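The structure appears below as structure tokens.
Below, all heavy atoms of this structure are taken into account, side chains as well, without hydrogens, waters or symmetry copies. On a predicted model such as this, the values are computed, not experimentally measured, just so you know.
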Amino acid sequence: MIDLSTPVSEAAVRALKVGDEVTISGTIFTGRDAVHKYLHEGGQLPPGVSFRGGVLYHCGPVIIKDEQGNWKCVAAGPTTSIREEPYQWQVIRDFGLRGVIGKGGMGERTVEACKHHGCVYLHAVGGAAQVLADCIKRVPNVYFMEQFGAPEAIWEFQVVSFPAVVTIDAAGNSLHKEVLAASQAELAKYV
Amino acid sequence: MNALQDSLLELIRRTSTEIPDDVHQAILDSLEREKQGTIAANAMKIIEQNIALAKNKSQPICQDTGSIIFYVDCPVGFDQMNFEQAAREAVKAATKKGYLRQNSVDSITGKNDGTNVGPGAPIVHCHQHASPEVSVRLVLKGGGCENVGAQYSLPNEKLKANRDLDGCRKVILDAVLQAQGKGCGPGILGVCIGGDRATGYEYSKQQFLRKLDDTNPNPELDKLERDIVATANKLGIGPMGFGGQTTLLGAKIGVLNRLPASYFVSISYMCWAYRRQGVTLEATGKVQKWLYST
Ligand code: SF4
């Protein structure tokens with residue numbers, strides 16, 4: 001298990017390999033379909049949000065206000081990342097991300113961007129909304145709530161030991177490609 | 001809220017927060033099969049912890065609380081409009097309480113009014129039967145796994161799939177291959193052979209009402225179901241597509257008649273967060289018994 005803290009350095013990211021299990025601690029931001037489309041179309045991040053050296057989480061959380069009026073995350077698993085494939089490379093390039101957390105893997109353009117700019121794709125366990133919400137200790141801020149609605153907003157999370165697996169590294173390797181090729185070859189034996 | 005609304009709220013709460021017993025058992029079995037220390041085994045462990053945590057905290061197993069699909073079996077004279085109204089109220093209340101995410105979006109404007117009620121949401125299927133019993137089953141069907149569902153029209157030249165059970169087998173296994181880990185596997189397949197494009201998918205989803213450990217009454221289909229699971233689990237896709245022993249937890253296949261011109265195989269993929277519960281109701285609307293969990 002490799003512990004990463006945000007902001008993450010390029011060297012730390014480049015040392016990671018496909019199959020490594022990591023935990024992430026520090027500040028991370030959520031962003032999914034609406035945010036990616038908005039940034040792709042030239043939108044700017046709101047004041048207070050910086051992705052530089054940061055980790056972006058593809059997630060549409062369930063958040064409530066507790067008795068003291070603070071945001072509290074009650075469920076926060078990853079959402080399918082491939083929908084952001086048309087935009088992700090650009091967000092990595094323009095906003096300086098070092099990590100993207102999601103599920104299901106991403107395609108060639110993201111693999112290229114990871115290699116070129118020093119970023120990794122981190123696969124969280126899809127559906128593990130409670131285990132992952134437990135790692136979110138505080139929700140200090142939310143941005144674009146009005147515009148995009150709760151699941152699509154940019155949420156700022158303070159996380160401790162958030163678990164994930166490196167499935168695309170900064171050397172151009174992708175576990176998703178490897179498993180697809182191996183399973184395809186295997187299936188050919190049985191049909 | 002009246003008694004019926006209360007019962008439906010409790011049905012939603014338990015469906016969103018508690019995995020049914022048969023599914024839980026299948027997950028425990030698969031955890032045992034994975035090699036200790038692999039990323040696949042560790043993913044299954046997180047899944048197992050997640051199931052326990054969700055139940056203890058009474059919070060959603062997965063944040064995508066999915067399409068809300070009610071299946072109602074009812075006697076003649078049952079007031080379906082009243083039921084649908086109660087279902088809508090229960091959905092709104094469950095959303096306020098956080099058992100359901102604000103998960104229903106206007107397809108054109110992208111607006112989410114935060115209630116989970118709107119055109120096509122929730123979905124209610126009522127079916128009359130010759131018994132005084134009222135049973136309500138609920139499936140919460142996630143979006144990520146819905147996206148990897150597939151419908152094939154046979155024959156399929158590329159897959160060398162003809163209009164026979166072997167052809168069905170080929171396209172079903174192709175759907176598993178295409179899905180990889182993207183539907184939050186290990187997954188469960190609901191399959192319909194036949195029907196039209198709409199009824200095929202609809203019936204494929206109804207297969208999710210069956211228990212994982214049941215037996216298909218048609219021996220040929222039973223054999224096919226077992227073969228699909230065994231073969232899929234040899235492919236090495238594994239939990240989350242990380243590689244590993246468990247790609248599928250189950251496959252359930254139903255059949256509808258088709259037109260001579262059409263031969264559809266419709267495949268719905270259910271993620272490991274297989275949320276399905278059911279109740280029978282007293283005349284007052286109170287819960288009589290739970291159908292899938294003790
Ligand atoms: S596919 Fe299922 S487990 Fe995965 S995020 Fe969607 S609802 Fe949750």
Side-chain angles (χ1 to χ4, degrees), chain A residues 1 18-21 33-34 37 59-65 72-83 102-105 123-134 147-152 163-167 175-180 182-191, chain B residues 39 42-44 46-47 49-54 56-57 59-65 97-98 100-103 105 110-112 114 142-145 147-148 159-161 166 169-170 173-174 176-177 180-185 231-232 234-243 247 271-273:
Chain A
M1 194 67 79
V18 154
D20 283 347
E21 292 179 88
D33 309 70
K37 181 164 176 282
C59 171
V62 182
I63 308 249
I64 55 166
K65 270 211 168 129
K72 189 168 172 282
C73 180
V74 295
T79 187
T80 304
S81 300
I82 197 71
R83 293 193 309 269
K103 72 165 173 107
H123 200 302
V125 173
Q130 291 307 323
V131 168
L132 298 175
D134 241 25
Q147 245 151 306
F148 297 150
E152 295 276 352
V165 177
V166 178
T167 57
L175 182 66
H176 309 285
K177 265 197 289 189
E178 290 168 23
V179 171
L180 176 62
S183 55
Q184 216 155 13
E186 202 60 23
L187 180 57
K189 296 184 195 162
Y190 303 110
V191 294
Chain B
I39 52 177
N42 292 342
M44 289 311 294
I46 289 180
I47 286 172
Q49 284 167 14
N50 194 74
I51 290 169
L53 211 55
N56 291 342
K57 290 184 158 183
Q59 285 177 359
I61 293 166
C62 178
Q63 79 287 339
D64 181 0
T65 51
K97 286 179 179 289
L100 298 174
R101 179 173 71 179
Q102 299 179 357
N103 217 26
V105 174
K111 282 265 173 317
N112 183 338
C145 55
N147 289 346
V148 299
L159 297 172
K160 299 196 182 69
D166 183 59
R169 175 178 181 272
K170 283 181 175 146
L173 288 169
D174 183 65
V176 175
L177 180 73
Q180 292 286 302
K182 294 194 279 276
C184 289
T231 309
K234 286 181 197 157
L235 301 184
I237 296 169
M240 296 297 130
F242 287 169
T247 298
C271 51
W272 70 261

[X] to [Y] - nearest heavy-atom pair and separation:
X        : Y        : value
A:Thr80  : B:Lys182 : OG1-O, 4.3 Å
A:Pro78  : B:Gln63  : O-NE2, 3.5 Å
B:Ile46  : A:Ala128 : CG2-CB, 3.7 Å
A:Val179 : B:Gly236 : CG1-O, 3.8 Å
A:Val131 : B:Asn50  : N-OD1, 2.9 Å
B:Gln102 : A:Pro151 : O-CG, 3.5 Å

Between B:Trp272 (side chain only) and A:Gly127 (backbone N and O only), is there a donor and an acceptor less than 3.5 Å apart?
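It does not hold such a pair.
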Would the distance check show the side chain of B:Arg101 and the main-chain N or O of A:Gly60 forming a donor-acceptor pair, the cut-off being under 3.5 Å?
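Indeed, once roles are kept as given, a pair shorter than 3.5 Å links the two residues.
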Walk me through it: do B:Met240 and A:Lys103 pass the test side chain to side chain contact (heavy atoms under 4.5 Å, CB included)?
CA-CA 8 Å; B:Met240 296 297 130; A:Lys103 72 165 173 107; 5.5 Å; no
For a 4.5 angstrom cut-off between non-hydrogen side-chain atoms, does [X] reach [Y]?
X        : Y        : answer
A:Lys189 : B:Leu235 : no
B:Arg169 : A:Tyr190 : yes
B:Leu173 : A:Leu187 : yes
B:Asn112 : A:Phe148 : no

Options [options], ranked by heavy-atom pairs under 4.5 Å with chain B, top entry:
options                      : value
A:Gly77, A:Gly149, A:Gly104  : A:Gly77
A:Ala133, A:Ala129, A:Ala75  : A:Ala129
A:Gln184, A:Gln130, A:Glu186 : A:Gln130
A:Ile82, A:Leu175, A:Val74   : A:Val74

May I ask you to name which of B:Pro60, B:Gly144, B:Ala43, B:Gly243 has the most heavy-atom pairs under 4.5 Å with chain A?
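The residue among B:Pro60, B:Gly144, B:Ala43, B:Gly243 with the greatest pair count is B:Pro60.
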Less than 4.5 Å to any heavy atom of chain A: does that hold for the side chain of B:Lys160, its backbone, both, or neither?
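The answer is neither part of B:Lys160.
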Select one option (side chain, backbone, both, neither) describing which atoms of B:Ala273 are under 4.5 Å from chain A's heavy atoms.
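Contact with chain A: none, neither part.
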Greater than 12 external heavy atoms within 6.0 Å of B:Lys111's NZ
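Not more than 12 within 6.0 Å, no.
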Between B:Leu53 and A:Asp134, does a side chain to side chain contact (heavy atoms under 4.5 Å, CB included) hold up when you go through it step by step?
CA-CA 9 Å; B:Leu53 211 55; A:Asp134 241 25; 3.8 Å; yes
Measuring from A:Glu178:CD to B:Phe242:CZ, what's the distance to the nearest 0.5 Å?
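A:Glu178 CD to B:Phe242 CZ: 13.0 Å, rounded to 0.5 Å.
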